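Structure first, commentary second.
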Amino acid sequence: MLLTATPTAEIFTQHEFRTIELQSHCLVLHSVRAEVRIPFCEWSGKLSVKRGLIWSSITVHAHESDDKQVCWVVQGLPWQEAQYFAKQAVTVYQNWHREQSAMLKTYLPKWEQELARLRTLPQFLPHSMMTGWVDGVNSQFLEMNMSISEAMRTMPNRIQKLLPC
């Protein structure tokens with residue numbers, strides 16, 4: 001799905017973002033000078049649509065990091081198309097987020113159970129057993145195409161319990 005600024009608006013926006021595209025698992029913003037890819041894992045799922053006198057703009061909000069939030073603004077867009085695009089993009093993001101949460105919900109009980117078993121072993125815990133568990137969890141994160149920081153945003157309390165103190 002692609003939304004582009006009107007030809008007249010492109011004259012006034014000059015080097016600003018003027019095109020926004022929804023691809024699988026990312027948003028792509030285009031300007032005359034640059035192309036920015038925003039993966040869903042960096043996007044917070046929030047879009048703001050502002051209506052101007054003639055055109056509208058869409059603001060893409062990233063997840064907050066260190067009490068700072070990055071935003072990208074695409075200007076010169078037709079109002080109704082911008083509203084429709086925003087609704088569609090947020091719906092696709094929500095479906096992606098739901099899938100990510102479902103995958104975590106299948107893996108988390110296994111990780112928690114194995115970690116609890118390792119913690120309650122009656123003997124000294126060999127480093128190799130703990131390393132094996134960590135390697136297994138890391139490989140499953142790779143299978144899910146997810147990072148630990150993404151998982152922390154989805155289920156912070158449960159993931160925090162798996163991390164070293």
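Computed from a predicted structure; not experimentally measured.
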* Would you indicate whether Gln80, at its atom CD, is surrounded by more than 12 heavy atoms from other residues, nucleotides or ligands within a distance under 6.0 Å? => no
* To do: Enter the distance from Arg37:CZ to Glu42:CD here, rounded to the nearest 0.5 Å.
  => 12.5 Å
* **Taking every non-hydrogen atom, the tightest pair across Gly45 and Val90** => O-CG2, 3.7 Å
* Just wondering, do Glu143 and Met103 contact through their side chains at under 4.5 Å, heavy atoms? -> no
* To do: Check whether any side-chain heavy atom of Gln94 lies under 4.5 Å from a side-chain heavy atom of Arg98, and answer yes or no.
  => yes
* To do: Output the distance between atom NE2 (His97) and atom OG (Ser44), rounded to the nearest 0.5 Å.
  => 10.5 Å
* To do: Work out which heavy atom in Pro39 is nearest to a heavy atom in Cys26; give both atom names and the distance.
  => CA-CB, 3.8 Å
* Asked: Would a hydrophobic clustering, with Ile, Leu, Val, Met, Phe, Trp and Tyr connected at side-chain separations under 4.5 Å, put Ile20 with Tyr93?
  -> yes
* Is the number of heavy atoms from other residues, nucleotides or ligands within 6.0 Å of CG (Asn138) greater than 12? -> yes
* **Contact check, side chains of Gln160 and Met152, non-hydrogen atoms, under 4.5 Å** => yes
* Asked: Do Leu77 and Tyr84 belong to the same hydrophobic cluster, where Ile, Leu, Val, Met, Phe, Trp and Tyr are linked whenever their side-chain heavy atoms lie under 4.5 Å apart, directly or via other members?
  -> yes
* **Pair Arg158-Glu112, salt bridge (Lys or Arg N to Asp or Glu O under 4.0 Å): steps then yes or no** => CA-CA 9 Å; Arg158 289 182 73 184; Glu112 291 167 336; 2.8 Å; yes
* Of all heavy-atom pairs between Ser48 and His61, which one has the smallest distance, and what is that distance? -> OG-NE2, 2.8 Å
* Asked: Would Ile38 end up clustered with Phe85 when hydrophobic side chains under 4.5 Å apart are linked, directly or stepwise?
  -> yes
* Asked: Rounded to the nearest 0.5 Å, how far apart are CD of Glu21 and OG1 of Thr4?
  -> 8.5 Å
* To do: Taking the side chain as every heavy atom from C-beta outward, state whether Leu3 and Ile58 have any pair of such atoms under 4.5 Å apart.
  => yes
* To do: Identify the two heavy atoms, one from Arg119 and one from Lys161, that lie closest to each other, and give their separation to 0.1 Å.
  => NH2-O, 3.6 Å
* Calculate, to the nearest 0.5 Å, the distance between atoms CD and CD belonging to Gln88 and Glu81 respectively. => 13.0 Å
* To do: Decide yes or no on side chain to side chain contact (heavy atoms under 4.5 Å, CB included) for Met1 and Val92, but give the supporting numbers first.
  => CA-CA 11 Å; Met1 179 178 223; Val92 170; over 6 Å; no
* pair Leu162-Leu108: side-chain heavy atoms closer than 4.5 Å -> yes
* Asked: Is the Lys NZ or Arg CZ of Lys110 less than 6.0 Å from the centre of Tyr107's six-membered ring, within 45° of the axis?
  -> yes
* **Test item: Leu22 and Leu27 side chains (from C-beta on) under 4.5 Å apart, heavy atoms** => yes
* To do: Without swapping roles, check the side chain of His63 against the backbone of Trp43 for a donor-acceptor pair under 3.5 Å.
  => yes
* To do: Return yes if a side-chain donor-acceptor contact under 3.5 Å exists between Gln83 and Arg51, otherwise no.
  => no
* Structure fact -> SG of Cys41 to CE of Met146, rounded to nearest 0.5 Å, is 9.5 Å
* Between Glu150 (side chain) and Ser147 (backbone), is there a donor-acceptor pair under 3.5 Å? -> yes
* Is Val60 linked to Trp79 within one hydrophobic cluster, defined over Ile, Leu, Val, Met, Phe, Trp and Tyr using a side-chain heavy-atom separation of less than 4.5 Å? -> yes
* Glu16 vs Val73, side chain to side chain contact (heavy atoms under 4.5 Å, CB included): CA-CA, chis, key distance, verdict -> CA-CA 8 Å; Glu16 300 294 322; Val73 180; 5.8 Å; no
* Asked: Are any of the side-chain heavy atoms of Trp133 and Met130 separated by less than 4.5 Å?
  -> yes
* To do: Tell me whether Val134 is reachable from Met129 by hopping between hydrophobic residues (I, L, V, M, F, W, Y) whose side-chain heavy atoms are closer than 4.5 Å.
  => yes
* Structure fact -> To the nearest 0.5 Å, atom CD of Glu35 lies from atom NE2 of His30 at 4.5 Å
* List the atom of Ala86, the atom of Leu47, and the distance in Å for their closest heavy-atom pair. => CA-CD1, 3.7 Å
* Would a 4.5 Å heavy-atom cut-off, applied to side chains only, mark Lys46 and Thr59 as touching? -> no
* **Candidate pair Leu163 and Ile148, rule side chain to side chain contact (heavy atoms under 4.5 Å, CB included), full reasoning** => CA-CA 10 Å; Leu163 298 176; Ile148 293 175; 4.1 Å; yes
* Parallel, tilted or perpendicular: ring planes of Phe141 versus Trp111, cut at 30 and 60 degrees -> tilted
